[in-house]
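So that the names make sense, note that chain A is the first sequence line, chain B the second, and so on, each numbered from 1. Computed from a prediction, not measured in an experiment: that's the story for all the values here.
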Number of protein chains: 2
Amino acid sequence: MTTATGTPGTKDRILDAAEKLFADEGFTATSLRAITTEAGVNLAAVNYHFGSKDRLIEAVFERRLAPLNHERISLLDALEGSDENPSLEGILEAFVGPPLRLHRDTDRGGPTFMRLLGRTLTEPSQAIHEIFVRQFAEIAARFTPALERALPVLPPDEVFWRMHFAIGSMAHTMCDTFRLKLLSAGRCDAGEDIDATIRRLVSFIAAGLRAPVPVDTPGVET
Amino acid sequence: MTTATGTPGTKDRILDAAEKLFADEGFTATSLRAITTEAGVNLAAVNYHFGSKDRLIEAVFERRLAPLNHERISLLDALEGSDENPSLEGILEAFVGPPLRLHRDTDRGGPTFMRLLGRTLTEPSQAIHEIFVRQFAEIAARFTPALERALPVLPPDEVFWRMHFAIGSMAHTMCDTFRLKLLSAGRCDAGEDIDATIRRLVSFIAAGLRAPVPVDTPGVET
DNA sequence: GTCTATATCCTGATAGAC
DNA sequence: GTCTATCAGGATATAGAC
């Protein structure tokens, strides 16, 4: 709980420090000692407030994931409210925009959590696997029908396949803030203008989702 | 070194066990004790043969990455030898085919290394960062010009951006062998027919690479 | 709620016999 | 090359004073 003065309490200080260190070093490589030192609190405070390291990991995600997914659904609601046939690009922007815009929230550690989320999407830790599946079920229930309506010629199974590829592109963009810049000799920087990055990503995955269905795809009658 | 009898020596037994456990648990969560127990060798053998855990991690990648990248380049060579303007799909298949076809090599732990490679692409460990950058430089030097020739209307910077997205799709497909199946209620299984998976992935990223260049992209004159 | 002190166990690495 | 035994340190977690 953050107090009215803006000074984070012990619990949030631990969550902030854990989020940062998990993003930088990974879950197992980050010790409770490192977290409490970074947070400026006592070592025993973690077990007092969270019970165990695994439950701390869960708390780090719970704190951020629910608001993030609610924002996605609000954006999709707004989109469908103003146009009963929203564009594919609009739907995809509602999906990838909220996590990528975390990058702008520098005051509250947004870029850090964005990186953590990106790396955790491709490397699910056992401790948070259930959180992801549960939270994602809600998202899939809303976005899958919207995508199927926007892509009427695409068989439903094919939507799953291509969203899987799209999530990979999104996750890679979220966690890799340095390699793209390195390999492009500084010419491409995903963090420099996050809205431009979102536009590029949306146009890439929208085109991928609209790709012609291969005639030899098993299970698809042509 | 594997002997002529087909019985792996101590060194390869350690590498095989490390590869498996790294893919399942991650680098830091895997102890040398777990590796030597799995390999059926003595604990001290790791430090005798490799010097340290970090050098063992490097050796796990060195053993597989060089042949993999040589296969990519051979495929591209063959492609350019038979047609001076190879198709975008052909180039992309030469890039994503070799790592994904590791999945078929069940006898020699291919699926395990595929998963490890996928997760390491998005979450680079400090110890192997240099290996990836060095190995990838060779690949980029060959594939970047080929892609630019296949996409003449695309500004070179945009090729970097879109290949970044494409690599994300590929990496996610490589390391996630269960979530797609889970979320699609068993209807999509990337490992069931790896050639079909490659075709789907290639068609997705080819369409993404061919997406129209947004007119408001900074740095692009229209 | 916060602290000190500590229990218990596991880590990577090495010394030295064989 | 392979083994046993061990070192020195770090890990999570907890007991109990304040």
Student: Tell me every residue that passes side-chain hydrogen bond (donor to acceptor under 3.5 Å, both in side chains) with A:E19, counting only those two or more places apart in sequence or in another chain.
Tutor: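 A:E19: side-chain hydrogen bond (donor to acceptor under 3.5 Å, both in side chains) contacts with A:R63, A:R64.
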
Student: Nearest whole angstrom, please: distance from the P of D:dG10 to the CG of A:L21.
Tutor: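 Spelled out: CG on A:L21 to P on D:dG10 is 16 Å.
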
Student: Give the table of side-chain donor-acceptor pairs shorter than 3.5 Å for residues 48-55 of chain B, with sequence neighbours excluded, one pair per line with atom names and distance.
Tutor:
from, atom 1, to, atom 2, distance (Å)
B:S52, OG, B:R55, N, 3.3
B:K53, NZ, B:F27, O, 3.0
B:K53, NZ, B:T30, O, 2.7

Student: Could you work out, with salt bridge (charged side-chain N to carboxylate O under 4.0 Å, His left out) as the rule, every residue matching B:E58, not counting sequence neighbours?
Tutor: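 Salt bridge (charged side-chain N to carboxylate O under 4.0 Å, His left out) check on B:E58 returns nothing, list empty.
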
Student: Using the heavy-atom set of chain B and a strict 4.0 Å cut-off, write down the first and last nucleotide of DNA chain C that makes it in, 5' to 3'.
Tutor: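 Boundary nucleotides touching chain B, in 5' to 3' order, are C:dT11 to C:dT14.
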
Student: Quick one: salt bridge (charged side-chain N to carboxylate O under 4.0 Å, His left out) partners of B:E71, sequence neighbours excluded?
Tutor: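 So B:E71 forms no salt bridge (charged side-chain N to carboxylate O under 4.0 Å, His left out) with any residue.
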
Student: Mind checking B:A44 for me? I need base, sugar-phosphate or nothing, with any heavy atom below 4.0 Å counting as a touch.
Tutor: base

Student: Among residues 25-37 of chain A, which contact DNA chain C at a heavy-atom distance under 4.0 Å?
Tutor: none

Student: The criterion is side-chain hydrogen bond (donor to acceptor under 3.5 Å, both in side chains); which residues satisfy it with A:R162, sequence neighbours excluded?
Tutor: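 Counting only residues at least two positions away or on another chain, A:R162 forms no side-chain hydrogen bond (donor to acceptor under 3.5 Å, both in side chains).
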
Student: Please enumerate all residues that pass salt bridge (charged side-chain N to carboxylate O under 4.0 Å, His left out) together with B:R13, with sequence neighbours excluded.
Tutor: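 None.
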
Student: For B:F160, what residues pass the ring pair (Phe, Tyr, Trp, His ring centres under 6.0 Å) criterion, not counting sequence neighbours?
Tutor: none

Student: Would you call A:R199-A:E89 a salt bridge at under 4.0 Å N-O?
Tutor: no

Student: Could you work out, with side-chain hydrogen bond (donor to acceptor under 3.5 Å, both in side chains) as the rule, every residue matching B:T120, not counting sequence neighbours?
Tutor: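 With sequence neighbours excluded, B:T120 shows a side-chain hydrogen bond (donor to acceptor under 3.5 Å, both in side chains) to no residue whatsoever.
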
Student: Hey, can you pull the residues of residues 47-61 of chain A with a non-hydrogen atom under 4.0 angstrom from DNA chain C?
Tutor: A:Y48, A:H49

Student: Can you name the residues that form a ring pair (Phe, Tyr, Trp, His ring centres under 6.0 Å) with B:F136, not counting sequence neighbours?
Tutor: none

